[in-house]
Each structure stands twice: as C-alpha cells, then as structure tokens.
**Student:** 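Following this message is one structure expressed as structure tokens.
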Amino acid sequence: MIPSTFDYHRAASVDEALELLQQHSGDAQILAGGHSLLPSMKLRLSSPSLLIDIGGLAEFGDIGDHSGGVTIGAGATHHGIESSALIQERAPLLAQAAATIGDPQVRNRGTIGGSLAHADPAADYPAALLALEAELIVRRSGGERTIAASDFFVDLFMTGLEEDELIVAVNIPAPKSNTGACYLKFSHPASRFAVCGCAVSITVEGGKCSDVRIGFTGLANAAFRDTGVEDALRGGAVDEASVATAAAKAAAGQELLSDSFAGEDYRQQLARVYAKRAILAAVAAV
Ligand code: FAD
C-alpha cells in the first residue's frame, strides 16, 4: 500500500503541464483528482517518477456553451457535472451518469478528464459519451486534435491518447429535437462501478424511432456502441413489445467480462434488461 518514490510538480498552467509531460515522456503522469491514479500507485500497478498536478488549474474545469451544446473542461469534477444547470438542460444523460459515480467524496474530487484517460472498463462516462456522440479535445505541446468518443476507448485501460497528450475538454453536440435520453446502471455493491451501464439517446418522430445511439459500459474490455440493438429499433415503433424484441439483441457478439460477482451469462442478461429499461425511459423523456 506504499507507492514507490516520485517527484511532484504543481503545474501553473496547461502549457507548463504539457511541456513537463513532453520532457518526461513515459516517466511522468498527470495527477487530476487522484482517485484512480493514487490507488494504482499504492498497488504499484503504476510507478511514475514525476507527478504533474493539474488539480489547481481553476479554468480547466469550466463548463460552457458549444454551438448550442456543451463544452466541459477536463478538470470538471463529477459533482460539477452532475449539478451543472447547462448540462442538465442540454445533456441530462451525462448529469445522470455523473450522479451514479462512487460516493460524494469521489464525485467531489474525481474529474471527467481523469476518468476518460484512465478508461476503466466499468467507468460510467464512456457509455454516455458514446450515446451523445461526444468529441474529446486533446492537446500536446504545440498542437491540438479532436478524437471522436467512438475512436477513443480502445481496450482495457487503453485509449487513443498518446503519452504526451492531455485531454483538455469534452464537447457534446446540441441536443436534437424530439429526442430523449437516459443512463441506467447496475452498480457493483462494493465499489459502485458499473457491472452494466446503459446509455440511450433516441429520437422519436410520428411514434417511430428515427435515430438512436446506445452505449454500454461494464460489460466488456471497453465501452461499446450496440449497433445490433440500434438497427433493430431504427424505423420501428417504440412500444414495449418492439423495444423488448430489440433489447433481446443486447451485447450480442461481444466478448463479455466474467468475474466472481458476475459471469458472462449474468452480464448478458443484465444488458438485455438494462437496454429495455433505458430505452423505454429515454422514449418517455422525449
Ligand atoms: P486521476 O486518478 O488523477 O488520474 C487517472 C489517470 O488519468 C492517470 O493516469 C492520470 O495521469 C490521467 N489523467 C488525469 N487527468 C488527465 C487529463 N486531463 N488528460 C490526460 N490524462 C489525464 N468511476 C466511475 O466511473 N464510476 C464509479 O462508480 C466509480 N466509483 C469509484 C469508487 C471509488 C471508491 C473510487 C476511489 C473511484 C471510483 N471511480 C468510479 C473512479 C473515479 O471516477 C475517478 O475519479 C476517475 O476514474 C479518475 O479521475 P481522477 O480525476 O481522480 O483522475
């Protein structure tokens, strides 16, 4: 439970953090809320020689307008996201997901940037970002690029981020009309992480589904879009029977995780049940 020794630097700006990250590429780690990194260091799963603390960069957590959608600074805490009036209005699905994370201590310290970079397979945000078609803005010393959420979550604790890159913001497009959304989660009773988390954004016109995006987390090595369920819903009615038929395809063809708490069959069944519940709740929210 004792980490190996490390140096600590509190960054005064994003540029300074990026310069240090480049100079010490491979040896340095960014410290945001510390709620994933510090436990990993104590277990010696991670042994950086330098911690670059970005926790004190106030503007790094700003939440604001983005062409009718929302831009969220990577340093925004889970509590800041859960309680933001702008996010509740324009991306309520994300506020719902943030509200389910851990406990109040975790939500007051943990950040969206830290959660996304860590890419725990049971983290809540990835499913929500997939359903919302979010984009991540990442920066390295001297350059910035945009990564679609659908390209970001690569594998177990693996993302599209390079070693010297920092997530600086998450952009969520403006909500479409006639669209409802919902995030529902079956939590692990001890950790509160998702055993199955299902995020749905659905557009309903004339009683039929004209567009839908479904993201799952907790089920596999990385969060994924469930195109099988989406295809089964698109163009059809959104009554309970049709939704149940579509939801029965949930997680089909995915290599599911299995552990002492939830085996593959159990996770498969959770996926079906939570897909049905989340789709119906999203339809009710249109
Ligand atoms: P840190 O721990 O500081 O950093 C995590 C990793 O991300 C490090 O590798 C760090 O270098 C890197 N990093 C940090 N910020 C950036 C950035 N801007 N750009 C690039 N890399 C960066 N999560 C859930 O989703 N659902 C839960 O139910 C849940 N329950 C939890 C319960 C407990 C008891 C604990 C301790 C954690 C739980 N978490 C849960 C994880 C929590 O959400 C963490 O806050 C989050 O995973 C990491 O965010 P952080 O700001 O603490 O990042």
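Atoms considered below: every heavy atom in the structure, side chains included; atoms not considered: hydrogens, waters and symmetry mates. Just so you know, ligand 1 is whichever comes first in the structure, and atom 1 is the first atom listed for that ligand.
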**Student:** Per the side-chain hydrogen bond (donor to acceptor under 3.5 Å, both in side chains) rule, what does the pair list look like for residues 138-149, sequence neighbours excluded?
**Tutor:** R139-E144, R140-D164, R145-E165
**Student:** For R267, is there an ion pair with D259 - N to carboxylate O distance below 4.0 angstrom?
**Tutor:** yes
**Student:** Between ligand 1 and the protein, find all N/O pairs closer than 3.5 Å and give the distance for each.
**Tutor:**
residue  : atom   : partner : partner atom : Å
ligand 1 : 2 (O)  : G34     : N            : 3.4
ligand 1 : 2 (O)  : H35     : N            : 3.2
ligand 1 : 2 (O)  : S36     : N            : 2.8
ligand 1 : 2 (O)  : L37     : N            : 2.7
ligand 1 : 3 (O)  : A32     : N            : 2.8
ligand 1 : 3 (O)  : G33     : N            : 3.3
ligand 1 : 3 (O)  : G34     : N            : 2.7
ligand 1 : 7 (O)  : G114    : O            : 3.4
ligand 1 : 9 (O)  : Q29     : OE1          : 2.9
ligand 1 : 11 (O) : Q29     : OE1          : 3.1
ligand 1 : 11 (O) : I30     : N            : 3.2
ligand 1 : 11 (O) : I30     : O            : 2.5
ligand 1 : 18 (N) : I167    : O            : 3.0
ligand 1 : 19 (N) : I167    : N            : 2.9
ligand 1 : 25 (O) : D124    : N            : 2.9
ligand 1 : 25 (O) : D124    : OD2          : 3.3
ligand 1 : 26 (N) : D124    : OD2          : 2.6
ligand 1 : 28 (O) : G102    : N            : 3.0
ligand 1 : 28 (O) : K185    : NZ           : 3.1
ligand 1 : 28 (O) : R192    : O            : 2.7
ligand 1 : 28 (O) : F193    : N            : 3.4
ligand 1 : 30 (N) : G102    : N            : 3.4
ligand 1 : 43 (O) : H78     : NE2          : 2.9
ligand 1 : 45 (O) : H78     : NE2          : 3.2
ligand 1 : 47 (O) : S36     : OG           : 2.7
ligand 1 : 49 (O) : S115    : N            : 3.4
ligand 1 : 51 (O) : G33     : N            : 2.8
ligand 1 : 51 (O) : T111    : N            : 2.9
ligand 1 : 51 (O) : T111    : OG1          : 2.6
ligand 1 : 52 (O) : G34     : N            : 3.1
ligand 1 : 52 (O) : H35     : N            : 2.8

**Student:** Quick one: which residue pairs count as a ring-ring contact (aromatic ring centres under 6.0 Å, His included) with a foot in residues 125-151, not counting sequence neighbours?
**Tutor:** H78-Y125
**Student:** Please write out which residues are connected to L156 in a hydrophobic cluster, directly or through intermediates, given that two of Ile, Leu, Val, Met, Phe, Trp, Tyr count as joined at side-chain heavy-atom separations below 4.5 angstrom.
**Tutor:** F157
**Student:** Assess whether a salt bridge exists between R213 and E230, defined as any Lys/Arg side-chain N lying under 4.0 Å from an Asp/Glu carboxylate O.
**Tutor:** no
**Student:** Could you tell me how the ring of Y274 sits relative to the ring of F186: parallel (under 30°), tilted (30 to 60°) or perpendicular (over 60°)?
**Tutor:** perpendicular
